[in-house]
Amino acid sequence: MKSFRKELFFNTTKRMEFINITRDVEKALNESGIQEGLCLVNAMHITASVFINDDEHGLIADYEKWLEELAPHEPLSRYRHNLTGEDNGDAHHKRQIMGREVVVAVTEGRLDFGTWEQIFYGEFDGRRRKRVLVKIIGE
Ligand code: ZN
């Protein structure tokens with residue numbers, strides 16, 4: 001069995017942002033040379049997510065509104081976590097609901113997606129450098 005590991009880096013300009021990283025993951029898969037196996041992609045931070053959905057800008061805007069309604073950034077006093085001196089209590093909640101990672105099957109050297117599926121990095125406490133792990137195992 002072969003194993004391949006790669007880190008992707010992101011530094012968003014906004015606090016909350018969604019980035020389609022499908023091409024980056026496909027590039028990693030090509031570099032791995034793996035034809036059959038599994039591809040894990042996960043955020044390496046507890047205020048960011050990796051998830052799969054449609055790349056449709058209305059949906060992305062809906063996510064931003066929905067997440068801000070569920071866990072508004074302000075008032076900062078809403079979150080006990082912010083008593084630690086941080087201001088990202090909301091970002092932990094947003095990451096929790098959007099998830100940590102995805103696993104995609106690798107078939108004949110390609111990501112074996114369902115219809116319209118794309119991989120996204122979801123940032124909830126941006127404007128600093130953060131990492132995503134791509135780990136691929138197989139033959
Ligand atoms: Zn925090």
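Start at 1 with the first residue, then count along the sequence. Remember, it's 1-based here, ligands and their atoms both numbered in the order they're listed. For the numbers below, each heavy atom of this structure counts, side chains included, while hydrogens, waters and symmetry mates do not.
We find that Lys65 and Glu68 are not joined by a salt bridge, their nearest charged nitrogen and carboxylate oxygen being 4.0 Å or further apart. For the pair Glu31 and Lys6, the salt-bridge criterion is met [side-chain N within less than 4.0 Å of a carboxylate O].
Checking side-chain atoms of Ser32 against main-chain N and O of Ile34 turns up a donor-acceptor pair under 3.5 Å.
Take the Zn ion (ligand 1) as the corner point: the lines to NE2 of His92 and to NE2 of His81 open at 90°, to the nearest 10 degrees.
Because the distance cut-off is set at 2.8 Å, Thr47 fails to qualify as a neighbour of the Zn ion (ligand 1), as none of its N, O or S atoms comes that close. The Zn ion (ligand 1) has an N, O or S atom of Glu86 under 2.8 Å away, backbone or side chain.
A cation-pi arrangement is present between Arg129 and Phe9, with the terminal nitrogen or guanidinium carbon under 6.0 Å from the aromatic centre and inside a 45° cone about the axis.
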